[in-house]
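Note that ligands are numbered from 1 as they come in the structure, with each ligand's atoms numbered from 1 the same way. In this text the structure is predicted, and so the values were computed from the model without any measurement.
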Amino acid sequence: MINIDSIKNGIVIDHIQAKKGLKIYEALNLKELECSVAIITNARSKKMGRKDIIKIDQSIDLDLDILGYIDPNITINIIKDDKRVDKYHVKLPKEIVNLIKCKNPRCITSIEQELDQVFVLTDEKNKIYRCKYCESKKTE
Ligand code: ZN
């Protein structure tokens, strides 16, 4: 059982694949937050066996779109006054900035390293992202 009671107002990122919690923490840049953030690893889950959970102990406006790209099964719980007021899955983001790199050696981002790496969702059904600059498909 997750204990969301320990958070009065904040965000609980639940159903993270086990061992992926730290990756999510880094992708969301949570170390920059002033409030307390807890990562729970290998929590028991009926649905998943094991899972990771991140608790953010403050109501903040956080851009969680990237989670839809990393793992669409992650659920977001919004906690207000000790109660869960919202629960949802994150949709695929329209743009991904500085998480994945373009592999095309002739892409301008390979030459000008200070440019943001931007990938744009061009096919939502097939989850295809293309580099904003050279239109290369994102490859694993
Ligand atoms: Zn490119």
Q) Do Ile40 and Asp52 pass the side chain to side chain contact (heavy atoms under 4.5 Å, CB included) test, and can you show the C-alpha distance, the side-chain angles, and the key distance before you say yes or no? A) CA-CA 5 Å; Ile40 296 120; Asp52 287 4; over 6 Å; no

Q. Should Ile24 and Ile74 count as side-chain neighbours, where that means a heavy-atom distance under 4.5 Å?
A. yes

Q | Within 45° cone of Phe119 ring axis and under 6.0 Å: Lys137 NZ or CZ | A | no

Q. For the Zn ion (ligand 1), which protein N/O/S atoms are closer than 2.8 Å?
A. Cys102 SG, Cys107 SG, Cys131 SG, Cys134 SG

Q) Going by atom types only, do Arg50 and Asn42 share a side-chain donor-acceptor pair under 3.5 Å? A) no

Q) Does a side chain donor of either Tyr69 or Lys138 reach within less than 3.5 Å of an acceptor in the other side chain? A) yes

Q) Can you pull the side-chain hydrogen bond (donor to acceptor under 3.5 Å, both in side chains) pairs that have at least one residue in residues 86-101, sequence neighbours excluded? A) Asn98-Asp116

